[in-house]
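I have placed the structure first, in the form of structure tokens, so that the comments after it can refer back to it.
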Protein chains: 2
Amino acid sequence: MKDGMTIGDAAKASGVNAKLIRYYESIGLIPEAGRTASGYRVYDDREVNVLRFVKRARTLGFGIERIQKLVGLWQDRSRCSSEVKRIALQHIDELEAKIAELQAMRDTLHELADACHGDERPDCPILKDLAS
Amino acid sequence: MKDGMTIGDAAKASGVNAKLIRYYESIGLIPEAGRTASGYRVYDDREVNVLRFVKRARTLGFGIERIQKLVGLWQDRSRCSSEVKRIALQHIDELEAKIAELQAMRDTLHELADACHGDERPDCPILKDLAS
DNA sequence: ATGGGGCTTCCAGCCGTTGGAAGGTCAAGG
DNA sequence: CCTTGACCTTCCAACGGCTGGAAGCCCCAT
């Protein structure tokens with residue numbers, strides 16, 4: 001039962017849904033799966049592991065392109081860990097930037113919301129700010 | 001020179017580029033602009049103010065649909081500030097959620113990157129985590 | 001009249017999914 | 001053997017919020 005899974009089985013085993021597996025294949029993130037005589041895709045444990053790797057990397061916010069590199073490094077036994085770390089640090093930088101951006105929005109909005117009495121009257125510092 | 005601007009002038013005056021102004025019109029975020037005899041869009045100060053409002057709201061991360069509501073409330077003199085505040089608070093909640101999500105990614109990655117020596121050796125806790 | 005800049009429309013792509021339609025395949029049960 | 005229903009296949013479209021390009025018209029200065 002381990003080898004020769006259908007895409008549905010691979011989806012359950014990896015946590016990546018079938019539709020997304022096909023999509024990942026279509027964009028070249030994962031190699032083309034083998035096929036049965038009738039055209040069904042066939043997966044084995046190794047491919048499920050790749051899918052799990054991809055899913056975990058997505059959970060950490062890596063983009064597809066970077067995941068491709070990570071999968072490559074993962075499968076390259078002669079890789080340098082420095083290369084992997086470099087990619088991770090770069091991603092951390094981008095996350096920090098995004099976080100800072102969102103926090104700035106939140107902080108501004110928080111101030112405006114605090115200043116807004118939020119009652120039935122039309123006077124509103126939030127709209128005043130937006131209109132400025 | 002104040003009224004009867006072309007889209008390019010309105011873009012400069014509002015900070016929203018011409019392409020985007022047309023897009024906003026196409027999705028109904030802003031009403032259809034008037035036209036000259038030859039088909040050029042024409043803008044006046046009031047419309048530029050709406051564009052500025054939209055731009056500021058986008059800067060604060062509001063989505064288009066919500067901005068539509070905000071513009072409506074802004075132009076409604078009998079609005080309740082509570083309604084505006086409600087929208088702002090809801091948006092703050094979503095920002096908080098997104099921030100927390102990104103922070104979780106960053107924290108995990110930070111731990112992994114710290115544990116990775118990042119040298120020429122292949123051993124790598126980052127890949128180990130992704131493969132788990 | 002010619003050039004160049006701005007305007008017009010429409011179409012396509014970005015990212016990572018998700019949904020749906022239309023049709024083929026497979027195993028189980030009547 | 002045939003039907004049912006759950007699976008699989010492909011392709012096409014939409015989400016949000018833009019951004020770019022192509023093809024063609026308009027307007028002003030030289």
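Chain naming here is simple, since letters A, B, ... match the order of the sequence lines and numbering starts at 1 in each. Given the structure is predicted, the values throughout are model-derived calculations rather than measurements. What's counted below: heavy atoms across the whole structure, side chains too, no hydrogens, waters or symmetry copies.
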Looking only at side-chain atoms of [X], point me to the closest of [options].
| X | options | result |
| --- | --- | --- |
| A:I7 | D:dT9, D:dC18, C:dT8 | D:dT9 |
| A:R22 | D:dT9, C:dT17, D:dT19 | D:dT9 |
| B:R58 | D:dT10, C:dC26, D:dG17 | D:dG17 |
| B:I64 | C:dG16, D:dG17, D:dC26 | D:dG17 |
| A:K19 | C:dT9, D:dC11, D:dC26 | D:dC11 |
| B:L20 | D:dG20, D:dC18, C:dT18 | D:dC18 |

Please check the phosphate of [N] (OP1 and OP2 only) for any side-chain N or O of [X] closer than 4.0 Å.
| X | N | value |
| --- | --- | --- |
| B:R35 | D:dC26 | no |
| A:S38 | C:dG24 | no |
| A:R41 | D:dC8 | no |
| A:N17 | C:dT18 | yes |

Does A:L109 reach the side chain of B:H91, with side-chain heavy atoms less than 4.5 Å apart?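 Answer yes - side chains close enough.
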Say whether A:S132 and A:D129, considering side chains only, have a donor N or O and an acceptor N or O under 3.5 Å apart.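 The criterion, which ignores hydrogens and geometry beyond distance, is not satisfied for A:D129 and A:S132.
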Is it true that the side chains of A:N49 and A:R46 contain a donor and an acceptor less than 3.5 Å apart?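 Not at all, the side chains of A:N49 and A:R46 share no donor-acceptor pair under 3.5 Å.
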Take a 6.0 Å sphere around CZ of A:R35 and say whether it holds more than 12 heavy atoms from other residues, nucleotides or ligands.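 Enclosed: over 12 neighbouring heavy atoms sit under 6.0 Å from CZ of A:R35.
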Whichever of B:T36 and A:A18 has its nearest DNA chain D nucleotide further upstream toward 5':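 Comparing both residues, the 5'-ward one is A:A18.
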Using a cut-off of 4.0 Å on non-hydrogen atoms, how would the nucleic acid contact of A:T6 be classed: base, sugar-phosphate, or nothing?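 Here A:T6 touches the backbone only, sparing every base.
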Classify B:I27 by what it touches in the nucleic acid, base, sugar-phosphate, or nothing, heavy-atom distance under 4.0 Å.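 Since no nucleic acid heavy atom lies under 4.0 Å of B:I27, the category is nothing.
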Check the distance between [N]'s [atom2] and [X]'s [atom1] and give it to me in whole angstrom.
| X | N | atom1 | atom2 | answer |
| --- | --- | --- | --- | --- |
| B:E25 | D:dC18 | CD | C1' | 16 Å |
| A:H91 | C:dC15 | NE2 | C1' | 14 Å |
| B:K55 | D:dC18 | NZ | C1' | 13 Å |
| A:R66 | C:dG16 | CZ | P | 11 Å |
| A:I21 | D:dT9 | CD1 | C1' | 14 Å |
| A:Y40 | C:dC26 | OH | P | 6 Å |
| A:Y23 | D:dC8 | OH | P | 21 Å |
| A:K12 | D:dA6 | NZ | P | 12 Å |

Closest-nucleotide mapping onto DNA chain C: is A:E65 or B:G39 further toward the 5' terminus? I mean the 5' end.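 On the 5' side of the pair lies B:G39.
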Let me know, please, whether A:Y24 or A:A37 comes out on the 5' side of the other along DNA chain C by nearest nucleotide.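 This one resolves to A:Y24.
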Name the one of B:D107, B:L102, B:T108 that satisfies side chain to side chain contact (heavy atoms under 4.5 Å, CB included) with B:M105?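 Testing B:M105 for a side chain to side chain contact (heavy atoms under 4.5 Å, CB included) against B:D107, B:L102, B:T108 leaves exactly one candidate, B:L102.
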Does B:R52 pair with B:E47 as a salt bridge, N-O distance under 4.0 Å?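 Here B:R52 does not pair with B:E47 in a salt bridge, since their nearest N and O are not under 4.0 Å apart.
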